[in-house]
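Scroll down for the structure; my scribbles are underneath it.
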Amino acid sequence: MKLVIATRNAHKLEEIQAIFDFQGLDVQSAFDFPEIPDVVEDADTFVGNASKKAVEVAKATGCWALADDSGLEVNALEGAPGVYSARYAGEPCSYEKNNEKLLHELSGVKNRSARFRTVIALSDPEGHVKTVEGICPGKIIDELRGTHGFGYDPLFVPEGYEQTFAELDASVKNKISHRARALRAAQDAWGKLLSSL
Ligand code: IMP
């Protein structure tokens, strides 16, 4: 049985494949199904968007599908950018413009606490879906630091560390990140089920 990872974000795909033990499953990604249109992420929760991505890709491919929806929640901004993290500075999406906007919104703000959140959804080919979640707490610094990773990584220092996600080695990010924690929860919850497919 094939499992499709419902993303065309190469960074995410790399992180998911580095963290999750797919135990002999035939794993493909949305890159292998170019005919499937991009899923419109128009739900107002991470659970809604992750579920929508997993269900649409599962139904379109006839396979099981795993999807992730993630974002950054900043306390001083009442949880923004949240589910709108990708499009925070408007369309077309740009990590650079989003980071610039975040720094602007937080200029002069003392409370820099924030968290990344990931919801992982798993859908069977009929569209029955379940979700798990992972959180990584930290803070937003006031300048970009580092070149690894993607998105808000150069501005986010995870709790217990001095370096940003973009300065830390990928192997460290893949142990402590929101996505790593969600994927470990997914492994605990669904590992047996997936290995029996
Ligand atoms: P998506 O909707 O799950 O693709 O993620 C929304 C946005 O959240 C991305 O475009 C990034 O800006 C941000 N994001 C998600 N995960 C990460 C991460 O691990 N590091 C930095 N930014 C992230």
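Order of appearance sets the numbers: ligands from 1, and atoms from 1 within every ligand.
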Within-cut-off N or O pair, [X] and ligand 1, under 3.5 Å:
| X | value |
| --- | --- |
| Lys173 | yes |
| Asn98 | no |
| His178 | yes |

What residue and atom, counting heavy atoms only, is the protein's closest point to [atom], and at what distance?
| atom | result |
| --- | --- |
| atom 4 (O) of ligand 1 | Lys12 NZ, 2.8 Å |
| atom 8 (O) of ligand 1 | Ser85 CB, 3.4 Å |
| atom 20 (N) of ligand 1 | Asp153 OD1, 2.6 Å |
| atom 12 (O) of ligand 1 | Tyr152 CE1, 3.3 Å |

Next item on the list: Look at atom CD of Gln163 and say whether more than 12 heavy atoms of other residues, nucleotides or ligands are closer to it than 6.0 Å.
Entry: yes
Notebook entry, point to check: Around atom NZ of Lys139, are there more than 12 heavy atoms of other residues, nucleotides or ligands at under 6.0 Å?
Noted result: no
For ligand 1, which atoms sit closer than 4.0 Å to a heavy atom of [X]?
| X | value |
| --- | --- |
| Asp69 | 1 (P), 2 (O), 3 (O) |
| Arg179 | 15 (C), 16 (N), 17 (C), 19 (O) |
| Gly151 | 12 (O), 21 (C), 22 (N) |

Notebook entry, point to check: Where's the contact between Tyr95 and ligand 1, heavy-atom distance under 4.0 Å: side chain, backbone, both or neither?
Noted result: side chain
Item checked: Inter- and intrachain pairs under ring-ring contact (aromatic ring centres under 6.0 Å, His included), touching residues 177-197, at least two apart -> Phe116-His178
Examine ligand 1 and decide if any of its atoms is less than 4.0 Å from a heavy atom belonging to [X].
| X | result |
| --- | --- |
| Asn9 | no |
| Phe116 | yes |
| Asp68 | yes |

Please confirm whether the backbone N or O of [Y] pairs with a side-chain atom of [X], one donor and one acceptor, at under 3.5 Å?
| X | Y | result |
| --- | --- | --- |
| Ser177 | Asn174 | no |
| Asn111 | Ser113 | yes |
| Tyr161 | Leu168 | no |

Next item on the list: Tell me which one of Phe165, Phe150, Phe156 gets a heavy atom nearest to atom 21 (C) of ligand 1.
Entry: Phe150
Next item on the list: With atom 6 (C) of ligand 1 as the reference point, say which of Gly71, Ser70, Cys93, Ala50 has the nearest heavy atom.
Entry: Ser70
Checklist line | Evaluation steps, side chain to side chain contact (heavy atoms under 4.5 Å, CB included), between Phe156 and Thr164 | finding: CA-CA 5 Å; Phe156 184 82; Thr164 66; 5.8 Å; no
Checklist line | Cationic N near anionic O, under 4.0 Å, Arg112 to Asp142 | finding: no
Item checked: Transitive ILVMFWY side-chain link Ile19 to Ile120, under 4.5 Å -> yes
Pairs under 3.5 angstrom only: tabulate donor-acceptor contacts from the side chains of residues 31-41 to other protein residues two or more places apart or in another chain.
residue: Asp32; atom: OD2; partner: Ser29; partner atom: N; Å: 2.9
residue: Asp38; atom: OD1; partner: Arg8; partner atom: NH1; Å: 2.6
residue: Glu41; atom: OE2; partner: Lys53; partner atom: NZ; Å: 3.3

